[in-house]
Amino acid sequence: MMEQWMVPFQYEYLVKAMVVCAFVGAVCGALSAMVTLKGWSLLGDALSHAVVPGVVLAHLLSWPLAVGSLISGVLAAGAMTWVKAHSRLREDAVMGVVFTTFFAIGLLGISLYPSQLDLKSIVFGNVLAIAPKDLWQVIGMGGFVALVLLLKWRDMMLFCFDEQQARVQGLNVRLLHAVFLLLLSAMAVAALMTVGALLVVAMLITPGATAYLLTNRFSRMMILSAVFGGVTSALGAYASYFVDGSTGACIVSLQALLFLLCLWWAPQHGWFAQRRREKEVAS
Amino acid sequence: MSEQSNNERVSLVVEDIAVRYGNGHAALEGVSFSLEGGTICALVGVNGSGKSTLFKSIMGFVRPSRGRVRVKGLSVREALRKQIIAYVPQAEEVDWNFPVSVWDVAMMGRYGTMNFLRIPRAEDKRVVDQSLRRVGMWEYRDRQIGELSGGQKKRVFLARALAQGARLILLDEPFTGVDVTTEEAIIALLRELREEGCVVLVSTHNLGSVPEFCDRVVLLHRKVIAYGPTEEIFTESNLLAAFGGQLRHFHFEQSTIQSHDGRSVKVLTDDERPLVFGKDGHLEYKNREGREELLQKRKQEP
């Protein structure tokens, strides 16, 4: 009986996938704490689609993934800023227009070179068959983001909480803004390799949103969301072996499940706790 | 260390600044005034009069198209770097659900002087501790900021300004959503800062509280309508010029007040302190205490 559950550990590619997913999931999780607090969920969504042409370009020209994603991430962010400044459109419309345009360019690229690119693995992710070259890039990007977060999370916290105060104290807010976008683009690509372009945004929001329901301290929220991201990603990769389904879908479904649990049963901010409090006040 | 260098007198000089918005509208035009250390100055004007633009120019968020701002003789940039300027935001600007405690917020005031990793040293902890005690928020240090009352919230951000060791403190509408007791506590703290040689600039539309604690007033309506000591500037005609038709007036000449009622008239207001003018359009204060000179002067008037 027990042996049956250990089967996935006999396959090297599965163990590798679980480790990679756990790592990417944890770093995405930590970053998601900031994304949700800064109110950048939509931007995360936009960037996760906007990096697709960069990934295509990197594949076609044999560039490192990081370079391709950086270029398209910066272009997309720049395009959004420019359109917003020069039109009367609201931000959500601007983002919607820009990120779908980038996504379309990416898909067009894939469809033009079907022999070199696999649409399915970009859109749905293919961590089980990840090439060693890509694997190292994913680990490199994740490591870079993790290092920046570890060193500068306090600056990022102030940036998310009170940008004006950061400026008044002489912190370079523009640089922080740019670094945040850079981290988002890097993790969007890293997560794209694991769960695919369609579900990247879940990795960049859901763990943070879940942790937000559980704590009142920023540092704890970051740790919790990293743990959630890591554990759900490893478990999702593991579970995908048994259900024989998409890894990304398994990971994100687990994250959603955890979110729902917390939404209802979180000790302080959960639905039941709130209702209990309301009753106490009423009686 | 930054605290000591900051302990000298500070000054704020605004020289003929003009700010235009992207659409070409003038937000500020030729605004000039200067304040010396040991002053509490009110910045008074209607919404859209340029109060927040002026604040932003002083903090360096907005670059004036003309003129300049000097703080303690330094450019804004240098002054920011030396942690001379602090800003206490309006309550609406803050995300009160953000997962930070009272202690965390006050500690953010130390970021400018901390090292690369922003790991608090013993000195930072001591200053934060002291700042929180000073505003009476030390007992609440572990509370999440959303769990505080309106006045407590204000005091946390004041503690942050104190922890920063700033000498020029900008407060944006500090009395909205704050009860009278807290208002008085905040005013007492601002007076202490004045004694220590700080410049406190308060943006407010709460007219009644201005004469209570501000020595100087800048009346703003894109331009400076009037600027100087409160008793001279806070006159009916100046305020009319700054506020246009936006103020409500209640005259008591035809009122039911009898002459045997003497001076004992009570004015109730639901929210803000009222501003009371005497017969000649000059300001009346609630307490005679500390205003002996003024009383003497007025006695000699015919």
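Every chain is numbered from 1, with letters handed out A, B, ... down the list of sequences. Being a predicted model, the structure only gives us computed values, none of them experimental.
The contact list for residues 252-260 of chain A toward chain B, using heavy atoms and a distance under 4.5 Å, is empty. Of residues 19-33 of chain A, not one residue has a non-hydrogen atom less than 4.5 Å from any non-hydrogen atom of chain B. Proximity to chain B at a heavy-atom threshold of 4.5 Å picks out A:Q169, A:G170, A:L171 from residues 169-182 of chain A, in numerical order. Using a 4.5 Å heavy-atom cut-off against chain B, the contacting residues of residues 209-224 of chain A are A:Y212, A:T215, A:N216, A:R217, A:F218, A:M221.
Environment of CG in B:N115: crowded, with over 12 heavy atoms of neighbouring residues, nucleotides or ligands closer than 6.0 Å. Heavy-atom neighbours of B:R216 CZ from other residues, nucleotides or ligands within 6.0 Å: above the threshold of 12. Within a 6.0 Å sphere centred on CH2 of A:W136, other residues, nucleotides and ligands contribute 12 heavy atoms or fewer. Applying the 6.0 Å contact sphere to NZ of A:K84 captures no more than 12 heavy atoms from other residues, nucleotides or ligands. A:E91 CD: 12 or fewer foreign heavy atoms inside a 6.0 Å radius.
Proximity to chain A is limited to the side chain of B:F157, based on heavy atoms less than 4.5 angstrom apart. In this structure, chain B has no heavy atom under 4.5 Å from any part of A:E163. Residue B:L170 does not touch chain A at all, counting heavy-atom pairs closer than 4.5 Å.
B:Y111 OH to A:R154 CZ: the interatomic distance, rounded to the nearest 0.5 Å, is 6.0 Å. Here A:Q165 contributes atom CD and B:R160 contributes atom CZ; the two are 3.5 Å apart, rounded to the nearest 0.5 Å. One distance of note links NZ of B:K56 with CZ of A:R167; it measures 9.0 Å at 0.5 Å rounding.
Looking at heavy atoms from C-beta onward, A:M157 lies in side-chain contact with B:F98 at the 4.5 angstrom threshold. Between B:R118 and A:L158, the closest side-chain pair of non-hydrogen atoms is not below 4.5 Å.
Put simply, of B:R77, B:M59, B:M108, B:Q144, the one with the most heavy-atom pairs under 4.5 Å next to chain A is B:M108. Counting heavy-atom pairs under 4.5 Å between each of B:P89, B:G109, B:G60, B:A86 and chain A puts B:G109 at the top. The candidate from B:I145, B:D142, B:V100 with the greatest count of non-hydrogen atom pairs under 4.5 Å with chain A is B:V100. Counting heavy-atom pairs closer than 4.5 Å to chain A, the top residue among B:D95, B:V76, B:V94, B:L117 is B:L117.
Smallest separation of non-hydrogen atoms from B:I85 and A:V168: O-CG1, 3.0 Å.
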